[in-house]
Amino acid sequence: MDVSMTMWVVTVLGLTALIGVDFLIGRKPHDVSIKEAGIWTAVWVVLAALFGLSLFLAGERQASGEFFAGYITEKSLSVDNLFVFVLIMAKFSVPSHLQQRVLLIGVLIALVLRAIFIAAGAAIIASFSWVFYIFGAFLIFTAWKLIKEASSDEPEEEFEENRLLKSIEQRFGVADRYYGTKLSIQVAGKRVLTPLMVVMLAIGTTDILFALDSIPAIFGLTQDPYVVFTANAFALMGLRQLYFLIGGLLKKLVHLSYGLSVILGFIGVKLILHALHESGVHVPEISIPFSLAVICGVLIITTITSLIASRRQAAEEGTDGKDADSESAKI
């Protein structure tokens, strides 16, 4: 797309306004209900759909298809990232009424970091076309790693703080409890961070690792910086509400990692084919409509098989529980 500076400014201002509205609505710490989370999740999805549709109506059909493919991929990866958010919340024992504030600021940090990574990625791609080989190989490796982790019987690990977070805690110090929405307080004449500030930084900086997967993945679907940025923005901004909406369902998506591994592997192959094509090798290129069909198909199948597997496991556990009760009664 030939996007003017004016269009970039309007887009950024529009997204900033939406974030501002979201912040004003959730400015008062409270427990987010399923109804509230469901309504706002639907609002963000509809806004993303309208944006993609507006590209189509403006004559940018390819960009529209790329946006929807990128948005769905980024949203799927974001759902997987919610597992880590759950671990972070548990690690820092975040009160339920403060979780929505943590996620809002954390997502804002993530959005800024993504914008930096997208700008860097676009500049690298524009200068070095061979970087597609690296992106493709990395995504295939990530897909293999996801399958390996998903098939492992090891118990769920606890969240471990990264070096940056540990150094910040050592440098400024951390209070021993939460102080509402305060990010820092005075203790014995010294300003220290509250646990709320630390957990916000944890979620924001953890997104650096998430970006290592998502940024190459979306550049495998489109090389348009405008589409990459807007797809990431819409996928991230609805993440807070999605956390509360499907928080209880996350454990039921037992096959999600397998589905994401297939998607990342598919995009990795697409990137390598594109790199070969750019190098003058006559190879078939994968179209956006086909990519969109594969991504949607994999997610639908993964969701269905996950729910079936979870229901079957719950039934087996219920049966085992009844058998145990019967044995106890006999004794």
Side-chain angles (χ1 to χ4, degrees), residues 1-27 32 36-60 62-79 81-82 85 100-123 200-201 203-208 210-211 213-219 221-245:
M1 288 180 62
D2 184 15
V3 182
S4 64
M5 181 57 67
T6 302
M7 187 61 180
W8 270 105
V9 172
V10 170
T11 301
V12 172
L13 289 177
L15 292 173
T16 302
L18 291 173
I19 294 172
V21 171
D22 192 21
F23 184 83
L24 287 175
I25 292 173
R27 67 186 183 280
V32 179
E36 179 185 346
I39 291 174
W40 279 103
T41 296
V43 167
W44 284 115
V45 171
V46 169
L47 287 174
L50 290 175
F51 179 83
L53 183 61
S54 69
L55 292 177
F56 182 84
L57 295 176
E60 299 289 349
Q62 167 132 0
S64 177
E66 291 174 350
F67 171 80
F68 282 116
Y71 171 74
I72 293 171
T73 300
E74 293 299 315
K75 201 70 171 177
S76 304
L77 290 169
S78 297
V79 171
N81 297 343
L82 291 181
F85 288 178
Q100 53 91 19
R101 177 62 62 87
V102 169
L103 289 169
L104 178 60
I105 304 300
V107 167
L108 286 177
I109 295 174
L111 193 56
V112 173
L113 291 174
R114 292 291 179 97
I116 295 172
F117 285 138
I118 290 167
M200 285 179 178
L201 291 174
I203 286 182
T205 55
T206 300
D207 189 70
I208 296 176
F210 296 159
D213 297 337
S214 63
I215 297 303
I218 195 168
F219 270 117
L221 297 168
T222 175
Q223 285 81 59
D224 190 321
Y226 183 77
V227 176
V228 172
F229 174 73
T230 51
N232 266 275
F234 278 106
L236 282 175
M237 287 192 298
L239 195 58
R240 179 170 68 91
Q241 291 83 1
L242 196 61
Y243 172 87
F244 295 104
L245 180 63

[atom1]/[X] to [atom2]/[Y] distance, rounded to the nearest 0.5 angstrom?
{"X": "Leu104", "Y": "Met237", "atom1": "CG", "atom2": "CE", "answer": "11.5 Å"}
{"X": "Leu108", "Y": "Leu103", "atom1": "CG", "atom2": "CG", "answer": "11.0 Å"}
{"X": "Lys75", "Y": "Leu242", "atom1": "NZ", "atom2": "CG", "answer": "5.5 Å"}
{"X": "Leu18", "Y": "Leu13", "atom1": "CG", "atom2": "CG", "answer": "11.0 Å"}

Can you name the closest pair of heavy atoms from [X] and [Y] and give their distance?
{"X": "Ala217", "Y": "Leu77", "value": "CB-CD1, 4.4 Å"}
{"X": "Leu53", "Y": "Phe68", "value": "N-CZ, 3.9 Å"}
{"X": "Gly70", "Y": "Ala231", "value": "C-CB, 4.0 Å"}
{"X": "Leu15", "Y": "Ala233", "value": "CD1-CB, 3.8 Å"}

Quiz prompt | side-chain contact (heavy atoms from CB on, under 4.5 Å) evaluation trace for Asn232 with Leu111 | solution = CA-CA 8 Å; Asn232 266 275; Leu111 193 56; 5.6 Å; no
Exercise. Verify, without hydrogens or angle tests, whether Thr222 (side chain) and Phe219 (backbone) share a donor-acceptor contact under 3.5 angstrom.
Key: no
Quiz item: Any donor-acceptor pair under 3.5 Å linking the side chain of Ser64 with the backbone of Gly52?
Solution: yes
Quiz prompt | Non-neighbouring partners of Val3 that pass side chain to side chain contact (heavy atoms under 4.5 Å, CB included), sequence neighbours left out | solution = Met1, Met7, Trp8, Tyr226
Quiz item: Taking C-beta and beyond as the side chain, do Glu66 and Val227 meet within less than 4.5 Å on heavy atoms?
Solution: yes
Quiz item: Is there a side-chain contact between Thr73 and Ile218, using heavy atoms and a 4.5 Å cut-off?
Solution: no
Self-check item: Phe234: which of Tyr71, Phe229, Trp44, Phe51 passes ring pair (Phe, Tyr, Trp, His ring centres under 6.0 Å)
Solution: Phe51
Quiz item: How about Gln223: does its CD atom have over 12 heavy atoms from other parts shown lying under 6.0 Å from it?
Solution: yes
Practice problem: Apply salt bridge (Lys or Arg N to Asp or Glu O under 4.0 Å) to Glu74 and list each qualifying residue two or more places apart in sequence or on a separate chain. | Solution: Arg114
